[in-house]
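Naming convention: chains lettered A, B, ... in sequence-line order (proteins, then strands); numbering from 1 in each chain.
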Amino acid sequence: MVSSAVLPGRSALSQVAAIQHPVPKGSAGKITIKEAPFHDLINLRCQPDNKMANALIKKLTSHSLPSANQAAQAGDRAVIWLGPDEWLIMAEAGAANTIMANIETANLGHVATTEVSNAYGILTVNGKPSRQMLAKHCAIDLDAGVFTSGTAVQTIMGHAGIILIATDENSFTVIGRSSFMPYLVALLTDASIEYGVEYRPA
Amino acid sequence: MLLIDCPHCGARDETEFACGGEAHIARPLAENTISDAEFAEYLFWRDNPKGVFLERWCHTAGCRRWFNAARDTVTHEFIEIYAMGSLPKSKAAKDAYASAWRRQTASEKAAKPAQKTSGKGAKS
């Protein structure tokens, strides 16, 4: 019998090598794209007014269920709004089983959890011109006054469906389907060439 | 390019949405016998008006929820966006609902429970 602990982990971008383009003269700043692999992701379905579920999620993640187009992300664990009765819980690797067992045994009514850790890959995008760069392939209003830190939207980047989260004024998290991650890295690094870019695999 | 007001996510680009065609098509009930030609009104026939049209839309690249919309097929203006399972409230959309060809079809009439002429109702 093989224990899951001895199987080597392979992230969504393990096949993609580092990419580097020098910072040209007059660039507004360099963009750094990194993979943030091996987070556990749980899709949560529940009514937003389910008080018991809210309290349990707060206990497990230290966040209340965020409202529309928001992500609660301070600390190790994050909760991202996906729909009027749907959220994504992001936690450290190996945490999904415990979190799901906690939710499932708590008898919260109509609540469902699905582990989706391996369905998605995660990128972090940093650098002063991040907003301009992301806006090239995305129809969302990314103005700093509108798309503030903690805003999270599901949208389309190029041809790929993504979840885009503003973590800071110049920092973003891009969550995409595993099979689209090499495409997203190619798309974002290409869009970043004019600023200078470094893509670092995990 | 249209900006469509998703009732959950707010204004988003048209590319994030999928149009599901005509709204308010009620399935005929099994208890009402209708002809194949009349069932085809429900199954195949779709309206294509010039003017206000009631449609179903889905925010496929966003929250993935369905909603109804009253859209003017001439100007592309979204007149009203309202929840699945409900009827429109604005005058233009209400008129479009009432005057739609489908309201007169046998298939739509057969989607309501058959009227009982005698029995329980008469006694009480």
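Annotation: maximal heavy-atom pairing with chain B below 4.5 Å, among A:I163, A:L82, A:I162, occurs at A:L82.
Surrounding CH2 of B:W45 are at most 12 heavy atoms belonging to other residues, nucleotides or ligands under 6.0 Å away. Within a 6.0 Å sphere centred on NZ of B:K109, heavy atoms belonging to other residues, nucleotides or ligands number more than 12.
A:I140 touches chain B through its side chain: at least one heavy atom from C-beta onward sits under 4.5 Å away, while N, CA, C and O do not.
Contact record, A:G83 with B:C63: CA-CB, 4.0 Å, taken as the closest heavy-atom pair.
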Across chain B and chain A, what donor-acceptor pairs are shorter than 3.5 angstrom?
| from | atom 1 | to | atom 2 | distance (Å) |
| --- | --- | --- | --- | --- |
| B:C9 | O | A:N69 | ND2 | 2.8 |
| B:R12 | NH1 | A:Q154 | O | 2.9 |
| B:R12 | NH2 | A:N69 | OD1 | 3.2 |
| B:E16 | OE2 | A:T155 | OG1 | 2.6 |
| B:G62 | O | A:Q154 | NE2 | 3.1 |
| B:R64 | NH1 | A:Q154 | OE1 | 3.0 |
| B:R64 | NH2 | A:E86 | OE1 | 3.2 |
| B:R64 | NH2 | A:E86 | OE2 | 2.9 |
| B:R65 | NH1 | A:E86 | OE1 | 3.2 |
| B:R65 | NH2 | A:D85 | OD1 | 2.4 |
| B:R65 | NH2 | A:E86 | OE1 | 3.3 |

